[in-house]
Amino acid sequence: MTQESGVNWFILKTEPMTFSVDDLREVGTTPWDGVRNFEASKILRQHMAVGDQVFIYHSGRRSQDSPAVVGMGQVVSEAYADPSQWQQEAPGFDPRSTLQRPRWWCRDIAYVRHLGRPIPLAELCRMPELAATRLCQRGNRLSVVPIAASAAARILALGAF
DNA sequence: GCCAACGTTGGC
DNA sequence: GCCAACGTTGGC
């Protein structure tokens, strides 16, 4: 990363029916596992670092709420092999993963706080700083989205009470 | 529920 | 290495 500030920012997508920001608050810290997209996994493994900040995003799938950024978290572990890739019962089971050569990675994410209000995708993407992010590109499926500090600042401004 | 867009797989 | 088929994502 070329930024001098040191702290990088990301948006982590999750389906609230499966795991919501409220769930994250309840458990405090969770392995952010189940990422099964090579690019997202690579970002998580190679571009994240302990101390980086993340926004929690609820995707709209199977939910009546509009998709929105709802809270903040923090990266609190180095990357490690996602155990669910070896669990036959898990949805993310991958028979091609070996112990010597894992295919998928995760990191522990700690709850920081809810935003003052959910910021809907439509509102986010009206902001020039965010319209340029992959979150706002049509058809985008990346579940770990790097964002610039300026974009993060915009979300924080919108999310203040 | 619909369906466009996407990433991955697998046949060739 | 190509690319069609497939399964999944995700906004609406």
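All values derive from a computational prediction rather than experimental measurement. Labels below follow one simple rule: chain letters A, B, ... track the order of the sequence lines, proteins then strands, and each chain is numbered from 1.
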note = Expected string for nucleotides 6-12 of chain C under the B/S/- scheme (protein heavy atoms, under 4.0 Å, primed atoms plus P, OP1, OP2 as sugar-phosphate) is -BBBBS-
task = Applying side chain to side chain donor-acceptor pair (under 3.5 Å), run through A:Ser84 and A:Asp82 and close with a yes or a no.
result = CA-CA 6 Å; A:Ser84 69; A:Asp82 180 345; 2.7 Å; yes
inquiry  = Determine whether A:Phe55 and A:Leu156 satisfy the following criterion, side-chain contact (heavy atoms from CB on, under 4.5 Å), listing intermediate values before the conclusion.
reply    = CA-CA 10 Å; A:Phe55 290 100; A:Leu156 290 172; 3.8 Å; yes
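Screening residues 119-134 of chain A for salt bridge (charged side-chain N to carboxylate O under 4.0 Å, His left out), with sequence neighbours left out, gives A:Glu39-A:Arg134, A:Arg117-A:Glu123, A:Glu129-A:Arg154.
Grouping the Ile, Leu, Val, Met, Phe, Trp and Tyr side chains by contacts below 4.5 angstrom, directly or via other members, places A:Leu142 apart from A:Trp104.
Nearest heavy-atom pair, A:Val144 versus A:Ile43, reported as atom, atom and distance to 0.1 Å: O-CD1, 3.6 Å.
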